[in-house]
Amino acid sequence: MRGAFSYRCPAAPRIPTIASGHCQAPQPMILYAATILVSSFLLFLVQPIIAKQILPWFGGSAAVWTTCLVFFQLALLAGYTYSDFSGKLRARTQSGLHLALLVASLASLPIVAGLGWKPVGDEDPLWRILGLLTATIGLPYFMLSTTGPLVQSWFAREHTDPVTAKRVYRFFALSNFGSLVGLLAYPFAIEPWVSTKVQAWGWSAGYALFVLLCIGSALRARRTGRSDVATNHPAPDAPPPARAADEPPPGMGDYALWLALAALASVLLLSISNHITQNVASIPFLWVLPLTLYLLTFVLCFEGRGGRGWYVRSIWILPTLAVLGLMAWGLTAERGVLHIESAVPLYCGGLFLACMFCHGELAHAKPAARYLTRFYLMLSLGGAAGGMFVGLAAPKLFDLYWELPLGLTACALLAVVVTRGMFARSLAAIVPAAAIAATGVCGYYAYAFDAFMREDTILAMRNFYGALRIKQTAPDNEPGAQRRLMHGVIMHGEQYVAQDRRGLITSYYGDSSGVGMAIERIHPPEQRVGVIGLGAGTLAGYARKGDTFRLYEINPQVIDVAKRYFYYLTESQGRIETALGDARLVLEREPAQRFDVLAVDAFSSDAIPVHLITREALQVYLKHIKPDGAVAFHVTNRYLQLAPVVKLLADEVGMEAVLITDDPEDAHLSRTDWVIVTRNRAFINDPAVAAKRATIDPIKGLAPWTDDFNNLYRILK
């Protein structure tokens, strides 16, 4: 019965093996698991932390988040490449290299973006963001990204028996679970309570803890890298044992399949994130929802049901094919499906099913444990390729958001590839047949999407800040012909084409709107007006001879379009100036402009970027307006209550916040909400203003927004 019971050897705690009776060191499962869990938690927690730091510098655009995701995928690829390469080194060499990099990465702490990375105005924001992220979190993020595959490889080479070795893939599910917790912790447990600066310092402290854990794991791997007769494990540096006949090494077909499945999941993640935040609802925390679902599918596919995963092709494939067709159809449905109540469940649910298909097929195709670093490398390479396609290539290749319809069609086509063998079974043949049908449906609606988006469109163009379209409702010679500037599904200004109607103020800026009343009633001789957010340039239509209107715009394409396809700027009676760059950064550098009215009308799809509606932002605006001037905030929004935010800021500086709600009957005007912040008693007491003034209801628990602390959850309608 020797070895049947635990006992303590004289030198150290031991657990005897039943087979040999020799003493064996405690299993490293807990240490390895803790290292992977902490690293994956920090890996995804840092993403919203750093993105929120730099978001204000680049206009608050959803493209900032997409670019950050591209960087994270590239860094993950670099980490997995390192893990695969270092796995070929001797244990002592590998652990020594890793320990040195871990210590060096501590020099990057704390993870606070340097002010020198703020853009000046005309730089390419994409490359500046990538450079900023590399300098700020590059090495720490790289070290975190190496941890999952590297620690798993340490565990696998320490446990060479097939049954134990197969357990290594459960670490992958644990890693994705930690990532999921980190991602969800930010909007619910961190952002509402902790300032941005404290977030950065707290994460840095967590990273220091990770370094300690990883050093412990590396030292453990260094010790077990030598042959140990007592543990019955051969030295990892020795030639590997022969593989079983039923476990052949992966071939080129396997690599291609892993790459395609991982790339497709990444393309759908980013393209659906872009779609729901730009074409459905520009609620920034909707960025987190798709990524959460993406990670959840990894957990379910690599862990559930006794480690075999929850993905069963015969159960999941048909619902996935059906929802792919529905999502493709939804791209051409202007009404109904594009409402947030139906669009967000459709596209997020569809992303979940599509990622279950991609990641489930990956889980089924995973190789033996000795090839896990190569497997993870291909997953990372596919994810990075998909991210670069959506984040870097698509804005330069396409003038519309073509990546989503292409991604849906490719997903259905890949389903044809992986199910083609089921044709040989009569009852199962319905699956590949359904995949072929879904490919046809998605392909048809991809074509229909192009026709739908180009209907009445005279210009389509795209860059880092999004896709712009100019729609014209009728030929130039018809009196009612209008041109509309569209960003996603949101209109950013319109103008009549006919010569005798071009001067008519339209959409959100009529003389009965808040900004119209402010410009008309705070109008000394030679009025100066500032406008943050150009759009079609509609507000320039108010300029009279001797007036100066200075318009700030971050997107150079918008300035070009406003001058070439609309007439408010070119035919204005006043002096028109345009300034390129993020308005707040430009205003911070400019001398006082002494505006009579400063209109804050910059929108990222359907909402003012947060950094333009904070305490610090208001201080910048007050520097540029006259003592009796006004700041007009455009707060019209379908989903967020922005008026109470502005009122708190106004109260802090002893100014009045006047909410003017306008619902005009004229067909060329839109319903609007503007909050006018001013000390001008003549304006506040004007009978016309008083007649339109609405009450601003406070939100319980809402604090004034600052650059360091703001929370969108509290102002949801």
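Throughout, numbering of the chain's residues begins at 1 and tracks the sequence.
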Q: Just jot down the side chain to side chain contact (heavy atoms under 4.5 Å, CB included) partners of Ser108, sequence neighbours excluded, or say none.
A: Leu139, Pro140
(Q) If the test is side chain to side chain donor-acceptor pair (under 3.5 Å), which one of Lys52, Arg584, Arg615 qualifies with Asp707? (A) Arg584
Q: Take the angle between the ring planes of Tyr141 and Phe71 and call it parallel below 30°, perpendicular above 60°, tilted in between.
A: tilted
Q. More than 12 non-hydrogen atoms from neighbouring residues, nucleotides or ligands closer than 6.0 Å to CZ on Arg575, yes or no?
A. no
Q: Give a yes-or-no answer on whether the side chains of Tyr542 and Gln573 include a donor-acceptor pair shorter than 3.5 Å.
A: no
(Q) Less than 6.0 angstrom separating the ring centers of His634 and Tyr508, yes or no? (A) yes
Q: Would you confirm whether the ring centroid of Trp705 sits within less than 6.0 angstrom of the ring centroid of Phe709?
A: no
Q: For atom NZ of Lys626, decide whether the heavy atoms of other residues, nucleotides or ligands shown that lie under 6.0 angstrom number more than 12.
A: yes
Q) For Phe683, is the NZ or CZ atom of Arg521 found under 6.0 angstrom from the centre of its six-membered ring and inside 45 degrees of the ring axis? A) no
Q. Just by distance, do the side chain of Ser572 and the backbone of Gly574 share a donor-acceptor pair under 3.5 Å?
A. yes
(Q) Can a side-chain donor-acceptor contact be found between Arg528 and Gln593 if the only test is distance below 3.5 angstrom? (A) yes
Q: Only one of Asp662, Asp686, Asp663, Asp511 passes salt bridge (charged side-chain N to carboxylate O under 4.0 Å, His left out) with Lys692; say which it is.
A: Asp662
Q: For the residue pair Thr614 and Asn710, confirm or rule out a side-chain donor-acceptor distance under 3.5 Å.
A: no
Q. Does a side chain donor of either Tyr186 or Gln47 reach within less than 3.5 Å of an acceptor in the other side chain?
A. no
